[in-house]
Amino acid sequence: MTTHTALSQQQTLQILGEEGPIKTSLTKTYDQDGLLIYDININSKEEILPRPITLQWKIPSINVKGIWKPTTDFSKRIQADWEMEHMESRISIDAPVISIFGHDDTNVLTFACSDAISRLEMNARIREEDNYIYCHITFFTEQHYPLKAFKAQLRLDYRNIHFSKTLESVSEWWQNDPALKPVYVPDIAKTPLYSTWYQFHQNLEEDTLLKELEVASQLGYKVVIIDDGWQTNDSNRGYDYTGDWQPDRIPEMADFVARIHALGMKVALWYSVPFCGKKSKAYQRFKGKFLTEDHRWAPVFDPRYPEVREYLITIYTEALTAWNLDGFKLDFIDDFHWYSDTPLYQSDIMDYASINDAVDRLMTDVMQALQKKNPDVFIEFRQKYTGPAMRKYGNMFRAFDCPGDATMNRIRIADIKMLCGETAVHSDMVTWHPEEPVEMAALQLINTLFGVPQLSILLNEIPESHKKMVAFYTEYWNTNKEILLEGDFTPYKPLSNYPMKSVTHRNTQIIGVYDTYVIPMNTTHKNVHILNGQIANEVVVKLQHNFGDYHAEVYDCMGTLVFENTLQLRKGILSIEVPPCGILKLKK
């Protein structure tokens, strides 16, 4: 064990696991106003297969309410040091950052690592014997090839600000690294999207889909992702036929795409990038060049082979050109990793020893090749592969699948949004039962409005009231998307599943309230919108000052104006009648 520079008079950072010829050094390069950055250097005189090396430190558990991690969803509670596995971060899983937050949402400590490519293990857990939070980052937990040198940075943020702002500053820190520079985000990536998945699954039928898209386009959805099923006539919801990517179910794909373009919509196709099904021709061609064949879905390509990468790049670029595609949903990137039967690195036939580095090269080359043909190409990734490295190749990040779960959609949008900068954040596709009361169905959409809405509903089969609701919210989102996507975003109460969110931009503030919650208002904005994302007939605000007269308009979830008058916003508690899932607009 090596003890290094003190973080404060009470705290020290320790390095555990140093052994043999390996030497470590830790150098503080920045220390100002509660923000510290350390350079980590690990070196050996000769190539060696390192065992795990851990950086560890502790802080007193004072004003600690919970622990935020990129994809913990409902589980943002404090963990004890005897429970739970550690968080894993690598190129296609999560992001190397953890935020410890207080009872008032303030940051206690947010720590992050600059290495967004390699596999790391991280955690922050309480030890009951002394009531300290023990934090650590462990390197080389999945190291299968020797090295001589490794370097990274550790960023420690103790500033007394809202925890979400520390996460946003971590995101900025990452993107300022030339090796993690985000890809361009075209406007089309910030457009409401229709997905085939929840309603069609693999049973795609061209004429039925075109009729749906005609309605979707009229409602304001200008992008469609044609999900799994276009490439095969097999409807068993498996991946046996992945790898060849021929449009068996939609044989005249170019013509089909042209018909969708004529509706005023852009088109993306789904691909499961790692999978090569055993019933494909590609499986025979690449036999022996898989990370594993023992996968629940299909054999997994090994990107350490240059011919594998070239094959995948060619698949996408030829599809873009031949079918005039606008984008791609590249799925299952997180299945590129080490398996128990993964072959060791062979320098004579592989040009990368690291699987993660090979994935980085693959996805970099994919995006560059596609952008040469279409600079506005868009690529969607879903959680958990929405970390800082993935921003290099994807310009749309989607909440992980949560059909029918409005609360989870809201949580996941917020968790992605705090870390993704200008990359477009999309909801999971909203869906609901056609007999759902319209106010209940509206919960699915109103919970997505701080991201880009995605829809997967058979629009020709829903009641007219549902269609009006979709049209109202979509028009509202399109009118206010600059505010919702580019404004200063703050989600509140992470352990309570963000019952309130706020975004401010120029002279407008939009507040979403999703539970029985008194909304604190201390604003001088000329326009204030309150989204009543609950099955309740009122919103309650606590005014910090006298704000004067505002013109008020109240709409129900179908866009019907139900109230219009002048409201006096005086200091104190004010209850305003707003229908369930309705919107209150206040204008000075």
Side-chain angles (χ1 to χ4, degrees), residues 188 191-242 244-272 315-316 318-329 331 374 377-378 380 398 401 403-404 426 428-436 441 444-445 453-471 473-475:
I188 196 63
T191 303
L193 182 154
Y194 185 93
S195 168
T196 63
W197 182 240
Y198 287 144
Q199 294 305 316
F200 289 88
H201 281 100
Q202 292 177 317
N203 298 307
L204 293 166
E205 201 283 317
E206 293 183 41
D207 290 339
T208 302
L209 178 54
L210 285 168
K211 291 177 182 177
E212 288 297 309
L213 297 183
E214 184 176 359
V215 179
S217 179
Q218 293 169 357
L219 292 173
Y221 291 81
K222 298 303 181 182
V223 183
V224 59
I225 290 180
I226 303 174
D227 214 294
D228 187 8
W230 65 266
Q231 80 289 355
T232 177
N233 286 308
D234 177 65
S235 298
N236 291 315
R237 203 169 171 174
Y239 300 92
D240 285 345
Y241 293 91
T242 56
D244 295 338
W245 301 109
Q246 296 301 311
D248 291 349
R249 192 181 292 267
I250 307 177
E252 301 300 327
M253 182 62 79
D255 177 66
F256 186 59
V257 170
R259 294 169 72 187
I260 298 174
H261 283 161
L263 298 174
M265 300 185 76
K266 302 291 186 180
V267 184
L269 291 184
W270 169 90
Y271 289 80
S272 59
I315 287 287
Y316 309 137
E318 288 186 351
L320 184 80
T321 302
W323 303 329
N324 197 24
L325 298 177
D326 305 289
F328 296 83
K329 175 181 176 178
D331 215 350
N374 179 0
V377 68
F378 59 90
E380 182 201 272
R398 177 174 63 82
D401 302 36
H426 283 238
D428 185 36
M429 301 82 73
V430 296
T431 188
W432 59 85
H433 194 281
E435 296 179 14
E436 184 81 273
Q444 301 296 331
L445 267 173
Q454 290 200 13
L455 187 71
S456 190
I457 285 291
L458 291 178
L459 295 167
N460 285 297
E461 297 183 10
I462 59 174
E464 191 62 28
S465 60
H466 287 199
K467 197 174 296 184
K468 287 181 179 179
M469 178 268 291
V470 173
Y473 281 131
T474 308
E475 181 182 10

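Values below: all heavy atoms of this structure, side chains included; hydrogens, waters and symmetry mates excluded.
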Q) Of D326, V223, L193, which meets side-chain contact (heavy atoms from CB on, under 4.5 Å) against I188? A) V223
Q. Within the side chain of T321, is there an N or O that forms a donor-acceptor pair under 3.5 Å with the backbone of E318?
A. no
Q.
If you define the side chain from C-beta out and look only at heavy atoms, does anything of W197 sit under 4.5 Å from I225?
A. no
Q | S217 side chain vs L213 backbone, donor-acceptor pair below 3.5 Å | A | no
Q) Does L325 reach the side chain of K266, with side-chain heavy atoms less than 4.5 Å apart? A) no
Q. Where the side chain of S272 meets the backbone of D331, is there a donor-acceptor pair that is under 3.5 Å apart?
A. no
**Q.** Closest non-hydrogen atom pair between A254 and A322, with its separation
**A.** CB-O, 3.6 Å
Q.
By the side chain to side chain donor-acceptor pair (under 3.5 Å) test, which pairs, at least two apart or in different chains, include something from residues 457-466?
A. E212-N460, W432-H466
(Q) With side chain to side chain donor-acceptor pair (under 3.5 Å) as the criterion, how do Q454 and E380 come out once you've worked through the C-alpha distance, each side chain's angles and the decisive distance to 0.1 Å? (A) CA-CA 12 Å; Q454 290 200 13; E380 182 201 272; 2.9 Å; yes
Q) CD1/I250 to CG/N233 distance, rounded to the nearest 0.5 angstrom? A) 10.0 Å
Q. Could you state the interatomic distance from CD (Q202) to CG (D228), rounded to the nearest 0.5 Å?
A. 4.0 Å
Q) Any side-chain heavy atom of I226 within less than 4.5 Å of one from V267? A) yes
Q) Do R249 side-chain atoms and G229 backbone N/O form a donor-acceptor pair below 3.5 Å? A) yes
Q) Side chains of R398 and K329: closer than 4.5 Å at any heavy-atom pair? A) yes
Q.
Looking at every non-hydrogen atom in both residues, tell me the closest pair between G264 and K222 and how far apart they are.
A. O-CD, 3.5 Å
**Q.** Interatomic distance, L455 atom CG to L219 atom CG [nearest 0.5 angstrom]
**A.** 8.0 Å
Q. Heavy-atom distance under 4.5 Å between the side chains of D428 and P403, does that happen here?
A. yes
Q: List for me each residue that meets salt bridge (Lys or Arg N to Asp or Glu O under 4.0 Å) alongside D255, sequence neighbours excluded, and say none if there are none.
A: none
Q.
Considering only residues two or more places apart or on different chains, which pairs with a residue in residues 206-235 satisfy ring-ring contact (aromatic ring centres under 6.0 Å, His included)?
A. W230-W245, W230-Y271, W230-W323
(Q) I'd like to check the side chain to side chain contact (heavy atoms under 4.5 Å, CB included) partners of N374; sequence neighbours left out, ordered by chain and number. (A) L320, D376, V377
(Q) Can a donor-acceptor pair be found, under 3.5 Å and without considering hydrogens, that links the side chain of T431 to the backbone of S456? (A) yes
**Q.** More than 12 heavy atoms of other groups within 6.0 Å of Q218 CD
**A.** yes
Q) In terms of side-chain heavy atoms, does H201 have a donor or acceptor partner in D227 at a distance below 3.5 Å? A) no
Q.
Ignoring hydrogens, what is the shortest heavy-atom contact between L459 and I462? Give both atom names and the distance.
A. O-CG1, 3.5 Å
Q: Return yes when atom NZ of K468 has more than 12 non-hydrogen atoms of other residues, nucleotides or ligands closer than 6.0 Å, and no otherwise.
A: no
Q. Does the side chain to side chain contact (heavy atoms under 4.5 Å, CB included) test come out yes or no for W270 and Q231, once each step is laid out?
A. CA-CA 9 Å; W270 169 90; Q231 80 289 355; 3.8 Å; yes
Q) Tell me the salt bridge (charged side-chain N to carboxylate O under 4.0 Å, His left out) pairs involving residues 194-210, sequence neighbours left out? A) D207-R259
Q: Indicate yes or no: at least one non-hydrogen side-chain atom of I457 is less than 4.5 angstrom from one of V430.
A: no
Q: Output yes when a side-chain donor or acceptor of Q444 lies under 3.5 Å from a complementary backbone atom of G404, and no otherwise.
A: yes
Q) In chain order, what residues pass the side chain to side chain donor-acceptor pair (under 3.5 Å) check against T191, with sequence neighbours excluded? A) none
Q.
Is there a side-chain contact between Y194 and L209 in this structure, where contact means two heavy atoms from C-beta onward sitting under 4.5 Å apart?
A. yes
Q) Considering all heavy atoms of both residues, which atom of L445 and which atom of M469 are nearest to each other, and what is their separation? A) CD1-SD, 3.7 Å
